[in-house]
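Chain identifiers are assigned alphabetically (A, B, ...) following the order of the sequence lines, protein sequences preceding nucleic acid strands; residue numbering begins at 1 within each chain.
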2 protein chains.
Amino acid sequence: MSVSLAVAPKQGHASTAGYVPAPWNAPEDRDGLDLTGVAMHVAADHQIYAEGDEARCFYKVVGGVVRTCRFLSDGRRQIDAFYREGDVFGFEAGAEHRMAAEAITESTVIAYRRRGLEAVVAQDDRLSRWFFSHAMTCMALAREHSLLLGRASAAQKIAAFLQEVALRDGSGNVIELVMSRQDIADYLGLTIETVSRTLSQLERDRVIGLPSARRVVLKDCRALRALNA
Amino acid sequence: MSVSLAVAPKQGHASTAGYVPAPWNAPEDRDGLDLTGVAMHVAADHQIYAEGDEARCFYKVVGGVVRTCRFLSDGRRQIDAFYREGDVFGFEAGAEHRMAAEAITESTVIAYRRRGLEAVVAQDDRLSRWFFSHAMTCMALAREHSLLLGRASAAQKIAAFLQEVALRDGSGNVIELVMSRQDIADYLGLTIETVSRTLSQLERDRVIGLPSARRVVLKDCRALRALNA
DNA sequence: CGAATACTTGATGAGACTCAAGCGCCGTGG
DNA sequence: CCACGGCGCTTGAGTCTCATCAAGTATTCG
């Protein structure tokens, strides 16, 4: 099931294709998403959909990690969110995707047709509630992110990011970063150098440990929280 | 109907109270919100609800302008959005309001009970669609805002803001700003001084005119758009 | 008219970006 | 096995933008 038609990414940007559709059924899905979808396998750094693509589907991650982002004309990128197992992404108000979605690691997602969704939702009470809750939660997250981007120093952004990841992964004090420094920078509205420098500084201050580039040990969570003002 | 129990605002922050409840019915509302709500009149710079308040209601603006915002421990403020006639605000995923809502000008809003909303929505197809669309649009707006906060210079932020306001008001090239410089600054993640300086610079560059502090004339919309990269 | 409030302008400094090397890891090929 | 690149990350030096501090002007309101 891990076929991958790996097309080489160009210029550091993810490229399209690289997935194999397969039928998928989730009649007893715990999240309340009992719709029928199609599983897709996506190679690392490949696009699931592009900015401007017709929004035919939305997606759920069943394996790997996905980022949604937008590109500015000057080539810079703003990452809106990271999605991992169980997360749903790709909802749109309009007919087009406003952001691109790309797999960070080799990933598996389920694509659900959007067409007819509204009708189904109107009939299914449970589904309706789920979607509501989901939409509201997304909004809340987007607003948290705005707060972070608008009113925080580099150190505060990094601290908040680490806590966010730690909370999501749940696993103790050691964090595995699946995303690159560039991804983190584009998520926090910083440069790669500032991310690196700030992490190094936090290590020097004994707040975190960096046994390797992609592994972070939270040593002083109190100090980390204190940074958030 | 313009009774206002004006309580003096403290320290530049909006204070609670200052509204008079009155029954309101909107059976043939064009927006699809045919729920029964209660109209409230709110004096300028007074709070509609505070951060942390129980989220019993959501609201629709029928007159005036409202801002939603959060306060940081250092006293700074991040404004999430401005709402005007017809806009709906105050939806929450959880039990509490995550942001405060305050009237910028003397305003009238209708409060709708949240309790039982989900049931009503599940039954009413049209209402259900409307809520969906609304939630999705809110998300899209929140993400635009993130993009602006994360990846834009002061000039770009101001330019985007002016275009946003011009688009919403729709009326030609003259913009009436109902909000203060501080509001604009807190919305864009800038300081009041930078907002002022940037507007002055744009005027010197003949991109805009500033006949008075709260009035902006868009002179060179092309240049304004060009700033947005 | 005076006081308060809102806004503008100037000088200075801190924080983050830019440009530029310099590491360290890893896969490739000799 | 080691040399060689490539890539991702780190570190340093200099610059620039925007925040801060501090007046100064305009407008509103009693």
Side-chain angles (χ1 to χ4, degrees), chain A residues 6 8-13 44-45 72 74-78 104-105 148-159 161 176-204 208-216 227 229, chain B residues 6 8-14 44-45 72 74-78 104-105 148-159 176-204 208-216 227 229:
Chain A
K10 295 169 186 176
Q11 301 164 359
H13 287 173
D45 266 314
L72 283 74
D74 60 2
R76 288 183 311 172
R77 194 176 61 161
Q78 174 70 42
I104 291 182
T105 63
L148 196 63
L149 289 169
R151 297 273 152 184
S153 66
Q156 289 176 322
K157 287 177 179 180
I158 294 288
F161 173 72
E176 291 294 334
L177 298 175
V178 293
M179 65 289 284
S180 68
R181 293 288 188 270
Q182 188 63 60
D183 283 333
I184 299 173
D186 290 344
Y187 178 65
L188 297 175
L190 297 169
T191 59
I192 185 175
E193 294 97 332
T194 301
V195 171
S196 189
R197 261 188 265 273
T198 306
L199 284 171
S200 298
Q201 186 58 50
L202 286 174
E203 188 182 28
R204 254 173 270 130
I208 62 171
L210 289 169
S212 78
R214 299 286 183 106
R215 178 166 294 168
V216 183
L227 270 174
Chain B
K10 295 169 187 175
Q11 301 163 0
H13 288 172
D45 266 314
L72 284 74
D74 61 2
R76 289 185 309 174
R77 195 177 61 163
Q78 175 69 42
I104 291 181
T105 63
L148 195 64
L149 289 170
R151 297 274 152 181
S153 66
Q156 290 176 322
K157 287 177 179 180
I158 293 289
E176 293 292 334
L177 297 175
V178 295
M179 67 287 286
S180 69
R181 293 287 188 270
Q182 188 63 61
D183 284 332
I184 299 173
D186 290 343
Y187 179 64
L188 297 175
L190 297 170
T191 58
I192 185 175
E193 294 96 330
T194 300
V195 171
S196 189
R197 261 187 265 274
T198 306
L199 284 170
S200 299
Q201 187 58 50
L202 286 174
E203 187 182 29
R204 256 173 267 129
I208 62 171
L210 288 168
S212 77
R214 299 286 183 105
R215 178 167 295 168
V216 183
L227 270 174

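- Between dC18(D) and Thr194(B), no contact under 4.0 Å exists linking OP1 or OP2 to a side-chain N or O.
- Heavy atoms of Leu199(B) sit nowhere under 4.0 angstrom from any nucleic acid atom.
- Residues Leu188(B) and Ile158(B) meet the side-chain proximity criterion, which asks for heavy atoms closer than 4.5 Å.
- Proximity of a side-chain donor or acceptor of Gln78(B) to a complementary backbone N or O of Asp186(B) within less than 3.5 Å is detected.
- Side-chain N/O atoms of Arg181(A) include one lying less than 4.0 angstrom from OP1 or OP2 on dT10(D).
- One donor-acceptor pair, N or O on each side, does fall under 3.5 Å between the base of dC19(C) and the side chain of Glu193(A).
- In this structure, Lys157(A) places its NZ atom 14 Å from P of dG15(C), rounding to the nearest Å.
- Nucleic acid contact class of Ser180(B) (heavy atoms, under 4.0 Å, all strands): sugar-phosphate only.
- No side-chain heavy atom of Arg77(B) sits under 4.5 Å from any side-chain heavy atom of Leu72(B).
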Run the salt bridge (Lys or Arg N to Asp or Glu O under 4.0 Å) test on Glu176(B) and Arg215(B) for me, step by step, so that the C-alpha distance in whole Å, both residues' side-chain angles and the decisive distance to 0.1 Å come before the verdict. CA-CA 5 Å; Glu176(B) 293 292 334; Arg215(B) 178 167 295 168; 2.5 Å; yes

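- Note on Ser212(B): every side-chain N or O is 4.0 Å or more away from OP1 and OP2 of dT27(D).
- As rounded to whole Å, 13 Å separates atom C1' of dT8(C) from atom CD of Gln201(B).
- OP1 or OP2 of dT9(C) has at least one side-chain nitrogen or oxygen of Ser200(B) nearer than 4.0 Å.
- Checking dA16(C), dC9(D), dA22(D) against every side-chain atom of Arg214(A), the shortest atom distance belongs to dC9(D).
- One interatomic measurement links the two molecules: CG of Leu202(B) to C1' of dT8(C), which rounds to 15 Å at whole-angstrom precision.
- Residue Glu203(A) contributes atom CD, which lies 13 Å from atom C1' of dC9(D) at whole-angstrom precision.
- In this structure, Arg77(B) places its CZ atom 17 Å from C1' of dA19(D), rounding to the nearest Å.
- OP1 and OP2 of dG10(C) both lie 4.0 Å or more from every side-chain N or O belonging to Arg197(B).
- The main-chain N or O of Gly189(A) is never found under 3.5 Å from a side-chain atom of Arg76(A) such that the two would form a donor-acceptor pair.
- Among the heavy atoms of the strands lying under 4.0 Å from Ser196(B) is at least one base atom, whether or not backbone atoms are also near.
- What separates CD1 of Ile192(A) from P of dG22(C) is a distance of 18 Å, to the nearest Å.
- Going from atom CG of Leu210(A) over to atom C1' of dC23(C) covers 15 Å, rounded to whole Å.
- If you take CZ of Arg215(B) and C1' of dA26(D), they are 16 Å apart, rounded to a whole angstrom.
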